[in-house]
S.K.: 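Quick one: the structure is below, questions incoming.
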Protein chains: 2
Amino acid sequence: MTDDQANGAIVAKTLADHAYQRIRRDIVAGKLAPGSKLRLEALTKRYDVGMSPLREALARLVGDALAVIEGQRGFWVAPLSIEEFEDITRVRGLIETEAMQRSIERGGPEWETAVRKAYDELSRLERKLKKKGDESLPLWEDANRRFHEALVAACGSPWLIRFRCMLYDQSERYRRISLTRSAADRCVHDEHEAIVEAALSRQVLKACRLTELHLRRTADVVREALAAEDRKRA
Amino acid sequence: MTDDQANGAIVAKTLADHAYQRIRRDIVAGKLAPGSKLRLEALTKRYDVGMSPLREALARLVGDALAVIEGQRGFWVAPLSIEEFEDITRVRGLIETEAMQRSIERGGPEWETAVRKAYDELSRLERKLKKKGDESLPLWEDANRRFHEALVAACGSPWLIRFRCMLYDQSERYRRISLTRSAADRCVHDEHEAIVEAALSRQVLKACRLTELHLRRTADVVREALAAEDRKRA
DNA sequence: TTAGCTTAAATTTTCGAAATTTTAAAGGCG
DNA sequence: CGCCTTTAAAATTTCGAAAATTTAAGCTAA
């Protein structure tokens, strides 16, 4: 479970693995539209694999709740909805804070080092993002993920980590379709800094509160963007 | 999500679906030994399906954390360990109590009715189990699952329900290998009764405490059985 | 003996096409 | 005109075997 997803090898040894990782990335990034049909023949061409490994990859994604399957009718990209986003956010608060608490209580010096390192890397990319612009957004996304992973890495619970990762992926889908970059524009850096400080000084309650606040703030932005989209469509 | 597992159709429309459900049941029930290799050719015969639907079914199980895959080396039944069991139990406590709380706060009359019905059915099967013996154990397992599902069904959070279901399945694996029937022998009925009473009288805290106690008691029995097994092996 | 190498067997993985089912279109009728 | 049935096209699902990889066995040499 050292990978950034709940299961699956770090390096793809089979075509099915490879397809799984690529399709997964594309769903999370929103390149495959939420709710859209996954036509098998089209995908075999797009990802350059045969039917068998493709279906295997999609079946794994069903288990990850990133795709849905209906017998004899095929696969779809898992749809998004405001209601589900609210649910994800609430449950994520529960999981993240529990993991954060345990991580703070159990984390040793290696944990501290890793958190600082992830934070520094994230800060570096935020400065870069300000200068260069959106082209380095994927790198920021990656660093942001690693930063939040590092914070809870010492919680000692593979199942908390697994659930947290699933919810993070789901949240990222909403973030990515509702805002291309405003996430980084926000005072997100300050929020991260505050969390790091609280965590490293072992202030459990403060770190958890700040984490919840961080989630709520992000949720607010997404919610607003989703609502705006709805208004535009009507 | 009306099914008893997180994803997948209620009725199997394809061979892959069918194989998925059957293999899943066998893993949860311990008929496929934890950690054992899943040889594809053997499985195609045992479940009477071809390679393609079989691999698809196994891929789904990987997503459910009931099987693991290693590139070019195949599939295994997910292994069990005492450490993981402790982890599952702790996280399950977190999820179950959160779901229980919300369910009590939001549950309407239909919820109450469903809980009572599930409880009555479970009680009926417990009496039957005392008389007839182990042959009706699978039925009891089923009723027990439905009972605990009914309790949290009104929580209003698909994701909580999904996670809860995953952890319940995982726990069941441990229960089933470590005790064939002592679970029902225990004063488990009284514990269930107490939970139902607390839940239906909307005593959130009490219901949660009792749920945690219930989990802890079950965990104690499993832990002891696992330890005994270890001693015997050494 | 044991470690390393070679070869054979077993197993997993993948392909390409046939079989099945769903979806869309066309035709007929009240 | 709308609705039901029939027919054709499209898409999914499954099979059977070839290709690739791992595992086990046999053999040689230090």
Side-chain angles (χ1 to χ4, degrees), chain A residues 3 5 7-24 26-27 32-79, chain B residues 3 5 7-24 26-27 32-79:
Chain A
D3 197 15
Q5 54 240 25
N7 44 264
I10 296 91
V11 290
K13 289 196 123 185
T14 66
L15 289 183
D17 273 345
H18 197 235
Y20 169 73
Q21 292 181 4
R22 287 189 62 194
I23 299 175
R24 190 181 219 284
D26 285 350
I27 291 179
L32 289 167
S36 65
K37 185 73 196 294
L38 290 166
R39 282 213 191 66
L40 296 174
E41 208 193 323
L43 292 189
T44 57
K45 283 169 189 163
R46 174 165 177 171
Y47 295 101
D48 194 33
V49 287
M51 274 301 175
S52 316
L54 175 64
R55 288 187 67 88
E56 208 176 309
L58 292 176
R60 297 252 297 274
L61 291 169
V62 170
D64 295 345
L66 291 170
V68 294
I69 184 173
E70 195 179 334
Q72 304 285 23
R73 306 208 332 117
F75 297 87
W76 280 261
V77 178
Chain B
D3 197 14
Q5 55 239 25
N7 45 262
I10 295 91
V11 290
K13 291 196 120 185
T14 66
L15 289 183
D17 274 344
H18 198 235
Y20 168 73
Q21 292 181 5
R22 288 188 60 194
I23 300 175
R24 190 180 218 285
D26 286 349
I27 291 179
L32 288 166
S36 66
K37 185 73 197 293
L38 291 166
R39 281 213 192 66
L40 297 174
E41 209 192 324
L43 293 189
T44 58
K45 283 168 189 164
R46 173 164 178 172
Y47 296 101
D48 192 35
V49 287
M51 274 300 176
S52 316
L54 175 64
R55 289 187 67 89
E56 208 175 309
L58 292 176
R60 297 253 294 277
L61 290 169
V62 170
D64 295 344
L66 290 171
V68 294
I69 184 174
E70 194 180 334
Q72 305 284 25
R73 306 210 329 119
F75 297 87
W76 280 261
V77 178

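Side-chain atoms are counted along with the backbone in the values below, which use heavy atoms only and exclude waters and symmetry mates.
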S.K.: For A/Asp26, check side-chain contact (heavy atoms from CB on, under 4.5 Å) against everything at least two apart and list the hits.
M.R.: A/Lys31, A/Leu32, A/Arg46, A/Tyr47
S.K.: Take the protein atom CG of B/Leu38 and the nucleotide atom P of C/dT12, then report the distance between them rounded to whole Å.
M.R.: 9 Å
S.K.: Please name all residues satisfying side-chain contact (heavy atoms from CB on, under 4.5 Å) with B/Thr14, sequence neighbours left out, ordered by chain then number.
M.R.: A/Gln72, B/Ala16, B/Asp17
S.K.: Can you check nucleotides 13-16 of chain C for protein contacts, nitrogen or oxygen pairs under 3.5 Å, and list what you find?
M.R.:
| unit_1 | atom_1 | unit_2 | atom_2 | d |
| --- | --- | --- | --- | --- |
| C/dT13 | OP1 | B/Gln72 | N | 2.8 |
| C/dT13 | OP2 | B/Arg55 | NH1 | 2.6 |
| C/dT13 | OP2 | B/Arg55 | NH2 | 2.9 |
| C/dT13 | O5' | B/Arg55 | NH2 | 3.3 |
| C/dT14 | OP1 | A/Leu15 | N | 2.3 |
| C/dC15 | OP2 | A/Gly50 | N | 3.0 |
| C/dC15 | N4 | A/Ser52 | OG | 3.0 |

S.K.: Starting from the C-alpha separation in whole Å, work towards a yes-or-no answer on side chain to side chain contact (heavy atoms under 4.5 Å, CB included) for A/Asp64 and A/Tyr20.
M.R.: CA-CA 11 Å; A/Asp64 295 345; A/Tyr20 169 73; 2.4 Å; yes
S.K.: Just grab all the salt bridge (charged side-chain N to carboxylate O under 4.0 Å, His left out) pairs involving residues 32-43 of chain B, residues at least two apart or on different chains.
M.R.: B/Glu41-B/Lys45
S.K.: What's the CZ-P distance between A/Arg39 and D/dT13, to the nearest Å?
M.R.: 13 Å
S.K.: CD of A/Glu41 versus P of D/dA10: gap in Å, rounded?
M.R.: 10 Å
S.K.: Answer with base, sugar-phosphate or nothing: what part of the nucleic acid does A/Leu58 contact at a heavy-atom distance below 4.0 Å?
M.R.: nothing
S.K.: Yes or no on side chain to side chain contact (heavy atoms under 4.5 Å, CB included) for A/Leu58 and A/Leu40, after CA distance, side-chain angles and deciding distance?
M.R.: CA-CA 10 Å; A/Leu58 292 176; A/Leu40 296 174; 3.6 Å; yes
S.K.: Sequence neighbours left out, what passes side-chain contact (heavy atoms from CB on, under 4.5 Å) with A/Pro34? Give chain and number order.
M.R.: A/Leu80, A/Arg173, A/Ile177
